[in-house]
Amino acid sequence: MLKTIPRYECILEASRRFPDLDPSACEAFLHLLRAGDDVARSREEYLAKHDLSQGRFTVMMQLLDKVEDRPVSRTPAELADLTGVSRATMTGLIDTLERDGLVTRKPDPVDRRMMSVHLTPRGHETLHEVMPGAFQNMASVMAPLSEAERKNLVRLLSKLMRTGILEAKIAGAA
């Protein structure tokens, strides 16, 4: 989205015309936005090599018990809640995964009105092919940071998620 970030002097100049513009907040936000874009692009490029999107990969990961490395079933509603997307979006993700033979829908044995989503053997195999590179991608993105810097980054991002971002959403909705 952002190719270059404005110099701080330019942001400072803009703040003279726009009194609500906090220069340090703007600079930090633009760097966060740029870093997020770069990370997302790197992840998307890797997943695209395996005919997956981030959304499809996330759904598949939610259908895997990572401790025991075995597929688990979930309802579309559970998957939507776990991934933070609408049920309509989840239906589209499941449709394409099912079309590609990576998941299947099955009626619930107790309540046939309910459907559950399952990884197919091909879907499980695909995850095993994709996960090592996905983990390598994560590690390479974070490689420039020391362990202490990573912990500090997590602390700061967690703070933003708990306070600033949520409050901004609430204020924007009012």
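Between I11 and P6, the shortest heavy-atom distance links the atoms CD1-O, 3.9 Å. For Y8 against P23, the heavy-atom pair with the smallest separation is OH-CB, 3.4 Å. A pairwise comparison of heavy atoms in I94 and P76 identifies CD1-CB, 3.8 Å as the closest pair. The shortest non-hydrogen separation linking L127 to L119 is CD1-CD1, 3.7 Å.
R99 places a side-chain heavy atom less than 4.5 Å from the side chain of T96. Looking at V72 and L64, their side chains never come closer than 4.5 Å, going by heavy atoms from C-beta outward.
Taking CG from L160 and CG from L156, the interatomic distance works out to 7.5 Å, rounded to the nearest 0.5 Å. Taking CG of L47 as the reference point, atom CD of E44 lies at 8.0 Å (rounded to 0.5 Å). Rounding to the nearest 0.5 Å places CG of L93 at 9.5 Å from CG of L79. Of the inter-residue distances, the one linking I5 atom CD1 with C26 atom SG reads 10.0 Å to the nearest 0.5 angstrom.
Identified under the salt bridge (charged side-chain N to carboxylate O under 4.0 Å, His left out) test for residues 71-84, with sequence neighbours left out: none. Sorted by first and then second residue, the pairs that involve residues 51-68 and meet salt bridge (charged side-chain N to carboxylate O under 4.0 Å, His left out), not counting sequence neighbours, are R56-D100, D65-R70, E68-R70. Applying the salt bridge (charged side-chain N to carboxylate O under 4.0 Å, His left out) test to residues at least two apart or on different chains, the pairs with a partner in residues 108-123 are D111-R113. Note on residues 84-98: pairs passing salt bridge (charged side-chain N to carboxylate O under 4.0 Å, His left out), not counting sequence neighbours, are D95-R105, E98-R105.
Neither L82 nor M90 shares a network with the other; the hydrophobic side chains, linked directly or stepwise wherever heavy atoms of I, L, V, M, F, W or Y lie under 4.5 Å apart, form separate groups for each. V154 and V39 fall into different hydrophobic clusters, defined by Ile, Leu, Val, Met, Phe, Trp and Tyr side-chain heavy atoms under 4.5 Å apart, directly or through other members. No chain of hydrophobic side-chain contacts below 4.5 Å, direct or via other Ile, Leu, Val, Met, Phe, Trp or Tyr residues, connects M115 to L63.
Between the side chain of Y46 and the backbone N or O of Q136 there is no donor-acceptor pair closer than 3.5 Å. Side-chain atoms of E149 come within 3.5 Å of backbone atoms of S146 as a donor-acceptor pair (strictly under, hydrogens ignored).
Not counting sequence neighbours, the partners of R150 by the side chain to side chain contact (heavy atoms under 4.5 Å, CB included) test are M142, L145, E147. In this view, D69 and H124, H128 satisfy the side chain to side chain donor-acceptor pair (under 3.5 Å) rule, not counting sequence neighbours. For R17, the side chain to side chain donor-acceptor pair (under 3.5 Å) criterion is met by no residue, not counting sequence neighbours. Partners of E125 under the side chain to side chain contact (heavy atoms under 4.5 Å, CB included) rule, at least two apart in sequence or in another chain, are E129. Residues that satisfy the side chain to side chain donor-acceptor pair (under 3.5 Å) test with T58, not counting sequence neighbours, are Q54. Residues satisfying the side chain to side chain contact (heavy atoms under 4.5 Å, CB included) criterion with S42, sequence neighbours excluded, are N137, V141. For S116, the side chain to side chain contact (heavy atoms under 4.5 Å, CB included) partners are S73, K106, H118, not counting sequence neighbours. Residues passing the side chain to side chain donor-acceptor pair (under 3.5 Å) test with T126: none are found, sequence neighbours excluded.
Heavy atoms of other residues, nucleotides or ligands lying less than 6.0 angstrom from CZ of F29 number 12 at most.
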| Residue pair V130, L52: steps toward the side chain to side chain contact (heavy atoms under 4.5 Å, CB included) verdict | CA-CA 9 Å; V130 173; L52 292 174; 4.0 Å; yes
| task | Quick one: do H50 and F57 satisfy side chain to side chain contact (heavy atoms under 4.5 Å, CB included)? Show the steps, please. | result | CA-CA 10 Å; H50 299 276; F57 178 68; over 6 Å; no
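Residues D38 and R34 are paired through a salt bridge, judged by an N-O separation under 4.0 Å between the basic side chain and the carboxylate.
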